[in-house]
Amino acid sequence: MRPLMRPLPRSFYDRPTELVAHDLLGKILVHRVNGEQRCGRIVEVEAYVGPHDLAAHTSRGLTKRTQAMFGPPGHAYIYLIYGIYHCMNVVTEREGHGSGVLLRALEPLCGLSGNTRGPGLLSRAMGIDRSLYGADLCGDTLFLTQDPAPQPFEIVRRPRIGVAYAGAWADAALRFLIGGNPYVSRK
DNA sequence: AGGATGATATCC
DNA sequence: GATATCATCCTC
């Protein structure tokens with residue numbers, strides 16, 4: 001698995017956010033940190049489609065925190081939540097659009113210990129924090145890659161978690177998960 | 001059901 | 001400068 005682990009190209013991210021979210025399921029997240037490699041298969045994500053999406057951080061406009069999400073596609077938007085946990089998103093669509101996909105749960109593949117079911121736990125297990133804010137996912141430190149031996153799976157759509165404040169957007173089925181996978185954070 | 005724990009946005 | 005609010009998780 002070491003050779004031909006090429007990062008997904010930037011063109012993968014430069015597409016409609018719901019499509020990117022859908023296609024991220026089954027892809028492999030890799031983080032290379034001080035000589036070791038941590039990786040897991042993505043089993044659950046959420047799409048935040050742009051500033052008009054009242055659940056998206058970008059709905060409050062361009063701020064220092066959301067700068068990366070308004071930046072070019074294929075970079076990491078990482079933030080601290082509840083003073084404890086980090087959450088990682090991939091930035092989608094063209095620069096200035098303000099959209100991204102939250103990575104919510106992983107199936108552990110290599111170098112991972114502990115729970116990876118939930119965005120905070122995923123980031124902790126992968127060693128992802130704000131030092132990776134804005135990281136280029138087309139580089140060789142933190143990136144996504146195609147599963148070399150993909151198996152077929154069913155994709156299920158559900159409303160997003162923890163966005164009850166978002167009015168009409170609270171109920172949108174923008175959470176994508178692999179049906180029946182034991183590593184999703186919630187059914 | 002409620003607490004941890006700190007950055008951030010938004011208010012005075 | 002103060003405070004309300006979190007795209008969460010754990011414990012009771």
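Chain naming here is simple, since letters A, B, ... match the order of the sequence lines and numbering starts at 1 in each.
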Query - Cationic N near anionic O, under 4.0 Å, Arg160(A) to Asp53(A) - result: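 Yes, Arg160(A) and Asp53(A) are salt-bridged.
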**Report entry** Side-chain donor/acceptor contact of Tyr79(A) with base of dA7(C) under 3.5 Å
**Finding:**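 It does, because a donor-acceptor pair links the side chain of Tyr79(A) to the base of dA7(C) below 3.5 Å.
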**Report entry** P-based separation of dG3(B) from dA4(C) [nearest Å]
**Finding:**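 Per the computed distance, 16 Å lies between those P atoms.
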Requested in this report: For Val156(A) and Ile178(A), run side chain to side chain contact (heavy atoms under 4.5 Å, CB included): C-alpha distance rounded to whole Å, both residues' side-chain angles, the deciding distance at 0.1 Å, then the answer.
Outcome: CA-CA 6 Å; Val156(A) 176; Ile178(A) 294 183; over 6 Å; no
Taking atom [atom2] of [N] as reference, at what distance in whole Å does atom [atom1] of [X] sit?
X	N	atom1	atom2	value
His86(A)	dC6(C)	NE2	C1'	15 Å
Arg124(A)	dA4(B)	CZ	C1'	13 Å
Glu46(A)	dT8(C)	CD	C1'	12 Å
Asp129(A)	dG6(B)	CG	C1'	15 Å
Asp53(A)	dA7(C)	CG	P	12 Å
Arg117(A)	dA7(C)	CZ	C1'	18 Å
Lys64(A)	dA9(B)	NZ	P	10 Å
Arg158(A)	dA7(C)	CZ	C1'	18 Å

Requested in this report: Could you tell me whether Arg15(A) sits above the aromatic face of Phe12(A), with NZ or CZ closer than 6.0 angstrom to the six-membered ring centre and within 45 degrees of the axis?
Outcome: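 Judged by the rule, Arg15(A) and Phe12(A) form a cation-pi pair.
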Which part of the nucleic acid, if any, lies within reach of [X] when heavy atoms closer than 4.0 Å are counted: base, sugar-phosphate only, or nothing?
X	answer
Arg130(A)	sugar-phosphate
Met69(A)	base
Asn89(A)	base

Query - Short side-chain to backbone donor-acceptor contact, His57(A) and Thr66(A), under 3.5 Å - result: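 Checked: no pair found.
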Query raised in the report: If you look only at pairs with a residue in residues 166-187 of chain A, which of them pass as a ring-ring contact (aromatic ring centres under 6.0 Å, His included), with sequence neighbours excluded?
Result: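 Residue pairs passing ring-ring contact (aromatic ring centres under 6.0 Å, His included), neighbours aside: His52(A)-Trp169(A).
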Query raised in the report: To which residues is Leu102(A) joined in a hydrophobic cluster, defined by side-chain heavy-atom contacts under 4.5 Å among Ile, Leu, Val, Met, Phe, Trp and Tyr, whether direct or through other members?
Result: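 Same cluster as Leu102(A): Tyr48(A), Met69(A), Tyr77(A), Tyr79(A), Ile81(A), Tyr82(A), Ile84(A), Tyr85(A), Val91(A), Leu121(A), Tyr133(A), Val163(A), Tyr165(A).
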Query - Base-pair map of DNA chain B as dot-bracket, where | denotes pairing with a different strand and pairs are Watson-Crick or G-U under 3.5 Å - result: ||||.||||||.
Report task. Kindly point out which of dA7(B), dA7(C), dC9(C) is positioned nearest to the side chain of Leu121(A)? Result ->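 Nucleotide nearest to Leu121(A)'s side chain: dC9(C).
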**Report entry** Minimal non-hydrogen separation, Gln146(A) against Ile28(A), with atom names
**Finding:**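 That closest heavy-atom pairing would be O-CD1, 4.4 Å.
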Query raised in the report: Using a cut-off of less than 4.0 Å, is there contact between a side-chain N or O of Arg60(A) and OP1 or OP2 of dT10(B)?
Result: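 Yes, such a contact exists.
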Query raised in the report: Phosphate oxygens OP1/OP2 of dG3(B): is one of them under 4.0 Å from a side-chain N or O of Tyr82(A)?
Result: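 So the side chain of Tyr82(A) is outside the cut-off, no N or O lying under 4.0 Å from OP1 or OP2 of dG3(B).
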Report task. Answer yes or no for this row: Tyr85(A) ring on dT8(C) base, centroids under 5.5 Å, planes under 30°. Result ->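 Here Tyr85(A) fails the 5.5 Å or the 30° condition.
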Query raised in the report: Between Arg104(A) and Ile161(A), is any pair of side-chain heavy atoms under 4.5 Å apart?
Result: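 The answer is yes, as the side chains (C-beta and beyond) meet within the 4.5 Å cut-off.
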Query - Residue whose nearest DNA chain B nucleotide is more 5′ - Arg65(A) or Gly83(A) - result: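 Looking at DNA chain B, the more 5' nearest nucleotide goes with Gly83(A).
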